[in-house]
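The structure appears right after this line, and notes come after that.
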Amino acid sequence: MERGKILYLVVPCYNEEEVLPETSKRLREKMQSLIEKGKIAKDSKILFVNDGSKDRTWEMIEELHQKDAIYQGVKLSRNRGHQNALLGGLMTAKKYADMVISLDADLQDDIDAIDEFVEKYDKGCEIVYGVRSARKTDTFFKKFTAEGFYKLLHLMGGEVVFNHADYRLMSKRALEEMEKYQEVNLFLRGIVPMIGFQTDIVYYERHERLAGESKYPLKKMLALAIDGITSLSIKPIRLIVFLGMFIFVCSIAMLVYSLVQHFLGNTSIGWTSLIVSIWAIGGLQLLAIGVIGEYIGKIYLETKARPKYIIEKELR
Ligand code: UDP
Ligand code: MG
């Protein structure tokens, strides 16, 4: 059965005025060449999601939309972060599109991979993951932290595709299934593989940002990592349990040792071990409470079920 061919590109933008002119131009060229080749339908669109930018990003999206209807826009009521902006865009695009590709506004992800994404969709894939084959242009720090993040996630039991960020194609059907994941702490990279269906991978090289600075400073990356791990697995809590057991065994050994020392009459030499235990156990307890607190915080946020984003305006 022939599947629908309307493609929507979803591009979250936060303070991206520096890259938007170039990005919009390149994406439009890409879309037009695909339309000419008959790979995608004529009413395919580029959907920019303005994530509460403080610069002229939204005005630029409005201007683009006025000039050419291929550009569409969604304005969130305020900054909600990349994941939520992306979700807002995906859910909006889902209403009109047969397939949706998400990508960053800085075009670090090679847009020539889009052809392959669409080909795989034609072959029946519901989800196609873009995977970075090389990170030649990333700084050592970015590469190290990012790859460490995927490894840690995997170790903690998160089912993520290594070196795949949010550059992917999803069919309408996959998006409809994703909508059923109603959690507030939505970590897309971890949720998408849970959906299943026929999937495939497209490899591409990651480029440098077109212009401007990264909107993902270390602080946001750390928050994403912690959210990712705690929303995908409870392994950290289990690790604490094992740690607790280990400490318990140690304490029994210490008890035996102390009693032996007591009966041998060496009781005054206890200071070092005492101080060390106080600090070690105290630190461990704080850490354990902190990890458990992370999860309680998550439960707290989930029970409130607040909306993940609010759409203020839609340009169609
Ligand atoms: N972004 C967003 N909201 C935010 C932060 C970032 O929508 O609060 C967007 C940003 O405009 C870009 C994408 O998320 O399109 C990825 O950000 P960036 O390229 O700065 O991250 P990096 O590639 O450095 O990890
Ligand atoms: Mg980037």
Side-chain angles (χ1 to χ4, degrees), residues 8-27 46-61 64 71-93 100-111 113-114 130-150 153 160 162-168 185-189 204-228 308-313:
Y8 266 58
L9 300 180
V10 169
V11 189
C13 307
Y14 176 59
N15 296 344
E16 297 286 11
E17 62 180 10
E18 280 160 298
V19 302
L20 260 182
E22 185 63 24
T23 298
S24 54
K25 194 174 125 236
R26 288 202 203 171
L27 290 181
I46 303 164
L47 178 70
F48 292 110
V49 184
N50 177 39
D51 184 18
S53 301
K54 294 179 186 75
D55 61 1
R56 290 195 65 251
T57 300
W58 179 246
E59 286 76 16
M60 289 170 94
I61 297 170
L64 285 168
Y71 301 115
Q72 313 228 311
V74 165
K75 187 186 185 199
L76 299 195
S77 61
R78 52 161 294 181
N79 181 252
R80 294 294 291 131
H82 173 234
Q83 295 284 298
N84 290 316
L86 187 55
L87 186 72
L90 291 175
M91 288 304 137
T92 307
V100 179
I101 296 176
S102 48
L103 69 164
D104 290 351
D106 54 7
L107 298 196
Q108 282 192 285
D109 304 320
D110 188 4
I111 59 169
I114 292 177
V131 171
R132 293 161 187 172
S133 58
R135 285 176 179 266
K136 280 182 216 141
T137 58
D138 274 358
T139 59
F140 171 75
F141 179 73
K142 181 91 189 180
K143 181 177 147 81
F144 180 76
T145 48
E147 293 195 342
F149 167 54
Y150 292 109
L153 261 178
V160 287
F162 188 69
N163 262 341
H164 157 69
D166 285 303
Y167 189 26
R168 74 176 83 83
N185 294 287
L186 195 69
F187 183 65
L188 288 171
R189 272 167 244 186
Y204 67 93
E205 264 184 45
R206 186 163 158 89
H207 303 306
E208 245 163 293
R209 216 172 210 286
L210 279 182
E213 274 173 11
S214 170
K215 273 61 185 181
Y216 255 104
L218 185 63
K219 205 174 120 205
K220 276 197 200 170
M221 282 203 311
L222 265 177
L224 183 75
I226 292 176
D227 276 345
K308 292 179 273 269
Y309 55 84
I310 295 171
I311 292 178
E312 184 178 328
K313 226 186 240 171

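First listed ligand is number 1; within each ligand, the first listed atom is number 1. Heavy atoms only: backbone and side chains are in, while hydrogens, waters and symmetry mates are out.
In this model, a donor atom of one side chain and an acceptor atom of the other lie less than 3.5 Å apart for Y204 and D109.
Contact annotation: for V11 versus ligand 1, there are no heavy atoms closer than 4.0 Å. Here A105 has heavy atoms under 4.0 Å from ligand 1 in both its backbone and its side chain.
Scanning the protein heavy atoms around atom 17 (O) of ligand 1, the nearest turns out to be Y216 CD1, 3.8 Å. In terms of protein heavy-atom proximity, atom 5 (C) of ligand 1 is nearest to K220 NZ, 3.6 Å. Distance from atom 25 (O) of ligand 1 to its nearest protein heavy atom, with residue and atom name: K142 NZ, 2.9 Å. Among protein heavy atoms, the minimum distance from atom 20 (O) of ligand 1 is reached at K215 N, 2.4 Å. Counting protein heavy atoms only, atom 1 (N) of ligand 1 is closest to Y14 CB, 3.7 Å. Shortest contact from atom 19 (O) of ligand 1 to any protein heavy atom: D106 OD2, 2.6 Å. In terms of protein heavy-atom proximity, atom 24 (O) of ligand 1 is closest to S214 OG, 2.5 Å. The single protein non-hydrogen atom nearest to atom 11 (O) of ligand 1 is E16 OE2, 2.6 Å, given as residue, atom name and distance.
Ranked by closest heavy atom to atom 3 (N) of ligand 1, the top entry among N15, D51, L210 is D51.
Numbered from 1 in the order shown, with element, the atoms of ligand 1 that lie under 4.0 Å from a heavy atom of Q108 read 19 (O), 22 (P), 23 (O). Within the listing of ligand 1, atoms 18 (P), 19 (O), 20 (O) sit less than 4.0 angstrom from a heavy atom of R209.
Counting backbone and side-chain atoms alike, Q108 contributes an N/O/S atom closer than 2.8 Å to the Mg ion (ligand 2). Among the atoms of D106, an N, O or S atom is found under 2.8 Å from the Mg ion (ligand 2).
Within the 4.0 Å heavy-atom cutoff, R80 does not count among the residues contacting ligand 1. Heavy atoms of R206 come nearer than 4.0 angstrom to ligand 1 in at least one pair. The closest approach between a heavy atom of M221 and any atom of ligand 1 is not below 4.0 Å.
Between P12 and ligand 1, at least one pair of N/O atoms sits closer than 3.5 Å.
Taking CE from M60 and CZ from F48, the interatomic distance works out to 9.5 Å, rounded to the nearest 0.5 Å. The CG atom of L103 lies 9.5 Å from the CG atom of L86; values are rounded to the nearest 0.5 Å. Atom CG of L27 sits about 11.5 Å away from atom CG of L47, to the nearest 0.5 Å. If you take NZ on K25 and CG on L107, they are separated by 11.0 Å, rounding to the nearest 0.5 Å. Rounded to the nearest 0.5 Å, atoms CG (L186) and CG (N84) are 7.5 Å apart. Interatomic distance, E18 CD to T57 OG1, rounded to the nearest 0.5 Å: 9.5 Å.
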Worksheet item: Are L188 and R168 close enough, and set up right, to give a side chain to side chain contact (heavy atoms under 4.5 Å, CB included), and what steps lead you there?
Response: CA-CA 11 Å; L188 288 171; R168 74 176 83 83; 4.2 Å; yes

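Judged by distance alone, with hydrogens and angles left aside, the side-chain atoms of Y309 form no donor-acceptor pair with the main-chain N or O of R80 at under 3.5 Å. The main-chain N or O of D110 is found under 3.5 Å from a side-chain atom of Y167 such that the two form a donor-acceptor pair. Between the D51 side chain and the G81 main chain, a donor and an acceptor come within less than 3.5 Å of each other. Of the possible polar contacts, one joining the D106 side chain to the Q108 backbone as a donor-acceptor pair under 3.5 Å is found.
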